[in-house]
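Right, one structure below, let's go through it.
Proteins get letters first, then strands, A, B, ... in listed order; numbering begins at 1 in each.
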2 protein chains.
Amino acid sequence: MTHVDRRPDIAAVAAAAGVSVTTVSHVLSGRRPVSDATRAKVEAVIERLGYRPNPSARSLRTDRSESVALIVPDITNPFYPAVAAGLQDVLLGQGYLLSVNDAALPSRALREVVRHVLARRVDGIVLASYGATDDDIAEIARSGTKLVRLGGRFRAEFGDVVRADDVGGMHDVVSHLIERGYARIAFVNGERDAHPSRIRLEGYERAMREAGREIDPELIVSTTFTRAGGVEGATTLLERSTSRPDAIVCGNDLIAVGVLDVTRRLGLSVPGDLAITGYDDIEAASLVTPALTTVHNPAREIGRTCARMLLDRLAGDYDDVAREVVLAHRLIVRESS
Amino acid sequence: MTHVDRRPDIAAVAAAAGVSVTTVSHVLSGRRPVSDATRAKVEAVIERLGYRPNPSARSLRTDRSESVALIVPDITNPFYPAVAAGLQDVLLGQGYLLSVNDAALPSRALREVVRHVLARRVDGIVLASYGATDDDIAEIARSGTKLVRLGGRFRAEFGDVVRADDVGGMHDVVSHLIERGYARIAFVNGERDAHPSRIRLEGYERAMREAGREIDPELIVSTTFTRAGGVEGATTLLERSTSRPDAIVCGNDLIAVGVLDVTRRLGLSVPGDLAITGYDDIEAASLVTPALTTVHNPAREIGRTCARMLLDRLAGDYDDVAREVVLAHRLIVRESS
DNA sequence: GGTCGGGTGCAAATCGTTTTGCATGCTATT
DNA sequence: AATAGCATGCAAAACGATTTGCACCCGACC
């Protein structure tokens, strides 16, 4: 084993450059003017010694960790990795470390995950978990940690919100189906009380009402935002109903994939016997056969936006006002409708 | 604005409990015996005050950050989120924070990402990037940061390696095709110099040789581990060859999906005109039509294993010996072959 | 009865930064 | 020629934990 030299600290740099530690710190932070000659000298030494400030010491002093946590309800849902990539796009350049935390039940309760990241004193949290309760959010607020939520109801005291226009998106999908002449349009939604479910249902209802269609509660079922949920929902709809729907609108793409599984098993032709639509436009939507009509959810751009808003807040901007940013959706018509 | 009380520090706890800070620290760490009475008193105060040790102060003193970084080549490849979930399964319970870092080109050079996490002084790194050079790995080793690599060539001085048995997996796929009677079996691989490419090619070659088949260099093309790579590879193979292959083995599922895109465009029937196989068994493999024959890569279990090995190292176990752990693969035969 | 040793607790040094208050030398102004 | 003001640099006090060396008290042992 070769002996590894002790890591240089700021004092070592100061000594080697013949200045005080204060001066080195000022060169690093730029908080006080430093003459060009001194700066050059110090920077040369830093380079030569390979000095990197100790982040623990720094955050102990400044009370900032330069790290941000993303909390997602299911990291294996491809929507969230895309969000994470968007966050990273912005955060990496600013020197922030991004921690990604999966709060997927049953193994990991959201509250436990929230406590975990709060205990680590992250500077900010991007909360993408639709399972979050007011209590969870209040706990974050109480700790003083900056918060940006991805989706969810907008309330000033609960921080900023970034979301796609789900009401509009779902409205467009349903209108599209109505236009194509589908008569009995069913809806397989995600978790009943989750915010995205409610908001997507709202879009469905609005489009139906606008078209003068009656809303049949028999045609609306709530399951979970997963492939298994889609199987369950489709089974309920297609096996119990006396008169079958001729189109099924799904709360997200994963559900739609599950619905497709069922139609395949039942030997139904899509979109002949039944039209199916998804939501989010994850890659799988274009892979299945028939390819899914869906609504593109700009995941990466949402991630970028969350990051920028968090940085604004960390910089002290918008200190006394919460913001809600809504990103445009885009209807993608493919073969399934 | 309501006034938020200052966070209690260890001194506040000591004062409220009528003991010294040393004692409180010992209650927390258990490094010295503390009487039951004292312990109970201190724990009650901690609870009442909601005291949580400041992680920066702690790691400044202990030189441990209790955090681990995962570096992946493409976070939108669903294999990696599954690995991340596995890591989290193990790390969360131990109080470690997991940071996930996407080193996807062209925006983020791997070296830059490595520097970034090293600057943050993480305790350990799980490096899943097949683009890593010896230099990258040496830089990590030099910093003293514990390293576990996901895949890659095993070398004692470069830390532990966890990998699936890719040679065996690819061997099984190819043998399966040979058994089914396919005559001209082509191979669309990922990046030519990437380790997983080499190793998977090895499995292909071994199976061919075992069956007494000749290896035709014309039938082997290197692209990238992406859907676009599959399109490119299939186009090359199917449009240029005088005599077409009747089976295409792909370096991963994403490539296979791209190959499928091409067969669809050319109107080829799968597996009638052409058999196609993938590798990894990501969800998409079962979604496409026809569903892909592939090899199951136990991503989540790989993640868990990486985490455990890293924890071993951080605990000082296996200090003077590197380990390579190989996880079993499983051939999944579906419709495409 | 003196000594030994285990259990328990405390004071103080330490980790590596940032930041404040003050001192110095120089230039420019009057 | 005196002084105001600026640019520059330094010493020292935080930040909040962990850990070491030492002191004390007590019962047990010879």
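Rounded to a whole Å, the CZ atom of R32(B) is 9 Å from the C1' atom of dG9(C). Between I10(B) atom CD1 and dA12(C) atom C1' the separation is 14 Å, expressed in whole Å. Rounded to an integer number of Å, the gap from CG of L28(A) to P of dT18(C) is 6 Å. Remark: P of dG16(D) and OH of Y51(B) are 10 Å apart, rounded to the nearest angstrom. Remark: C1' of dA14(D) and CG of N54(B) are 14 Å apart, rounded to the nearest angstrom. Here the P atom of nucleotide dT19(D) and the CG atom of D63(B) are 12 Å apart, to the nearest Å. Atom CZ of R58(B) and atom P of dT17(C) are 21 Å apart (whole Å).
Atom CZ of R155(B) is separated from atom CZ of R149(B) by 8.0 Å, given to the nearest 0.5 angstrom. Rounding to the nearest 0.5 Å gives a distance of 7.0 Å between CG of L110(B) and OG1 of T133(B).
R31(B) comes within 4.0 angstrom of the backbone, heavy atoms only, and of no base. Counting any heavy atom pair closer than 4.0 Å across all strands shown, T38(A) reaches sugar-phosphate atoms only and no base atom.
Phosphate contact (OP1/OP2 of dA11(D), side-chain N/O of S20(A), threshold under 4.0 Å): absent. Between S25(A) and dT18(C), a side-chain N or O to OP1/OP2 separation shorter than 4.0 Å is present.
When each of G18(A) and R52(B) is assigned the nucleotide of DNA chain D with its nearest heavy atom, G18(A) is the one assigned upstream, toward the 5' end. The residue among S56(A) and H26(A) whose nearest nucleotide of DNA chain C lies closer to the 5′ end is S56(A).
S20(B) and T23(B) share a donor-acceptor pair across their side chains, judged by distance under 3.5 Å alone.
Checked against dT19(C), dA17(D), dG9(C), the side chain of T62(A) finds its nearest nucleotide in dT19(C). Listed nucleotides: dC15(C), dT17(C), dG9(D). Nearest to the side chain of L60(B): dC15(C). Here the nucleotide nearest the side chain of T23(A), chosen from dC10(D), dT20(D), dA17(D), is dC10(D). Checking dG9(D), dA17(D), dG9(C) against every side-chain atom of P53(B), the shortest atom distance belongs to dA17(D). Checking dA17(D), dC10(D), dT18(C) against the side-chain heavy atoms of R61(A) singles out dT18(C) as nearest. Side chain of T22(A), nearest nucleotide from dT18(C), dC10(D), dG9(C): dC10(D). Residue D9(A) places its side chain closer to dT17(C) than to any other of dT19(C), dT17(C), dG9(C).
Residues E66(B) and R58(B) are not paired through a salt bridge, judged by the lack of any N-O separation under 4.0 Å between the basic side chain and the carboxylate.
For R52(B), the CZ atom sits in a loose shell: 12 or fewer heavy atoms of surrounding residues, nucleotides or ligands are nearer than 6.0 Å.
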